[in-house]
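One structure is given here, and the rest of the page talks about it.
Please read these numbers as outputs of a predicted model, since none were measured by experiment. When a ligand or atom number is given, it counts from 1 through the structure's own listing order.
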Amino acid sequence: MAKQKTAYVCAQCGAHSVKWAGQCPDCGAWNTLSEFRVAAAAAASGAEATGLDALELDPEERYATGFAEFDRVLGGGLVPGAVVLLGGDPGVGKSTLLQQVSGHVQGAVPVLYATGEESLRQVSQRARRLAIESTSLKVLADTGLENVLGEVRRNASRVLIIDSIQTMTAAELTSAPGSVAQLRECVGRIVQFAKQNEVSVFVIGHVTKEGAIAGPRVVEHMVDTVLYFENDPASRYTMIRSVKNRFGATGEMGVFAMTGCGFREVRNPSAIFLSRDTLAEPGSVVSVAWEGSRALLVEMQALVADGGGGYPKRVAQGVDQNRLGLLLAVMQRHGDAQLGSEDVFVNVVGGLKMAETAVDLPTMLSVVSSFRDRPCREGLVSFGEIGLAGEVRPVRYGEERIAAAAKQGFSCAIVPRANVPRKTPAGIEIVAVSRIREAFDAAF
Ligand code: TYD
Ligand code: MG
């Protein structure tokens, strides 16, 4: 029998400590440490090692979720036996999406949807609204994990959905539902159950701001795949991004739109973040961003206004504020743009957040365009990283970005010299630049 040890775990950051304290020594949050029993090293199981080539493998089987966009985020569909954590703010659409997915997957294999948050009536009302078929979809309103897993066995379900992990309890733990101890114990058992029985599990986790209820971050390391909803309340679109995936690429993003009857996927999102009618205005430039495994055309906007002699404001929405400061300094030093006393505002249309350095050059061009009060030339796109010496540096996937822009009908691309492809796609002129000054000359 394994011996039990005690540790204290922070509900916010998941850090362990051996002693209790009022403040987490790691993240500094107050009153977030709670007792957590750790099992000592387990007794030998008697399992023997085998050679990899001795294992018989099925050709990889995956379940389709009914959304090509969601399949892509999962790395090509749901892997049997995989545990997928789906996190997001309350009300962002986690239950809606997974109910739609369960309605599709049940056409292939039996599914159990276990909810500890809503009554069966609420679930069935939503199912009606979403027009979900439920021939082999079972619904269970319960918060006891043992019973939920028992029902999976009894119904021979191949896919289990748990809504949400913060409401589930493992019977012999005395701590409250939603505590770190409960979350870890429940997810640990779910993972073990999933691997032993080849049942795929979606685990919903609410992102919480309070310390009393632990967030999905404390169990991220235990599951195979971690997905988060990214949603800007002002935008019509909801994005789902993979931040960890044992069965596919991370950083993959799917785009969805919420409608009156659930989510609709946006199959070709490459141009949804463009507002065509503002492109001819000063301060607007289209950048070719790279999201997951595809290009996305995104409009960058800048507004340069007289600061009135006060301390100049620099406001960046969707790009890093420090990066903007750096770009403005490089422009001043190497691009003859005297912006020292001007207020500068930069915004990415559609509420997107750009983490790539490839948006450096289009950001700069949008600032110059607003500063000179002149629109950039028609049909222009651009991408490229800017160095401190005023040089334009190459970024990854240059060729793919140019091809995506040409496909959307853009006629001119200002790109880093090293990103020029051997063969130019039809209909687009490529201007190669290696200094920011050359880019400024080419853009107008
Ligand atoms: P929900 O999926 O319950 O969010 P979560 O489980 O993440 O807390 O619902 C999200 C929101 O979506 C809710 O405010 C109602 C809205 N909604 C629609 O707009 N259309 C629909 O068809 C459904 C089912 C919900
Ligand atoms: Mg819900």
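The protein atom (non-hydrogen) at minimum distance from atom 19 (O) of ligand 1 is Met258 CG, 3.4 Å. Nearest to atom 21 (C) of ligand 1 among the protein's heavy atoms is Arg129 NH2, 3.3 Å. Gly93 N, 3.2 Å is the protein heavy atom nearest to atom 4 (O) of ligand 1. Regarding atom 20 (N) of ligand 1, its nearest protein heavy-atom neighbour is Thr259 O, 2.8 Å. Taking atom 25 (C) of ligand 1 as the reference point, the nearest protein heavy-atom neighbour is Thr96 OG1, 3.9 Å.
Leu365 and Cys376 get closest at one heavy-atom pair: O-SG, 4.4 Å. The two atoms that bring Ile428 and Ala413 nearest to each other are CD1-CB, 4.0 Å, heavy atoms only. The shortest heavy-atom contact between Met300 and Thr363 is CE-OG1, 3.3 Å.
Counting atoms of ligand 1 from 1 in the listed order, those under 4.0 Å from a heavy atom of Cys261 are 22 (O).
Put simply, the side chain of Asp320 never gets that close to the backbone of Ala355: no donor and acceptor are under 3.5 Å apart. Looking at Ser136, its side chain does come within 3.5 Å of a backbone N or O of Gln106 through a donor-acceptor pair. Looking only at distances, a side-chain donor or acceptor of Arg62 sits under 3.5 Å from a matching main-chain atom of Gly75. Looking only at distances, a side-chain donor or acceptor of Arg158 sits under 3.5 Å from a matching main-chain atom of Glu198. Lys94 contributes a side-chain N or O that, together with a main-chain N or O of Gly88, makes up a donor-acceptor pair within less than 3.5 Å.
Under the 3.5 Å distance criterion, with hydrogens and angles disregarded, a donor-acceptor pair is assigned to the side chains of Ser293 and Glu252.
Scanning Gly91, Gly262, Gly260 for the heavy atom closest to atom 14 (O) of ligand 1 points to Gly91.
Phe67 and Phe256 have their aromatic ring centers within a separation under 6.0 angstrom.
Taking any N or O of Arg126, backbone or side chain, at least one lies under 3.5 Å from an N or O belonging to ligand 1.
Taking the side chain as every heavy atom from C-beta outward, Gln125 and Glu118 never approach each other to under 4.5 Å.
With a 4.0 Å cut-off on non-hydrogen atoms, Ser95 touches ligand 1 through its backbone as well as its side chain.
Distances shorter than 2.8 Å separate the Mg ion (ligand 2) from the protein N/O/S atoms Ser95 OG.
Assignment of Asp163 to the shell around ligand 1 is not supported, since no heavy atom sits closer than 4.0 Å.
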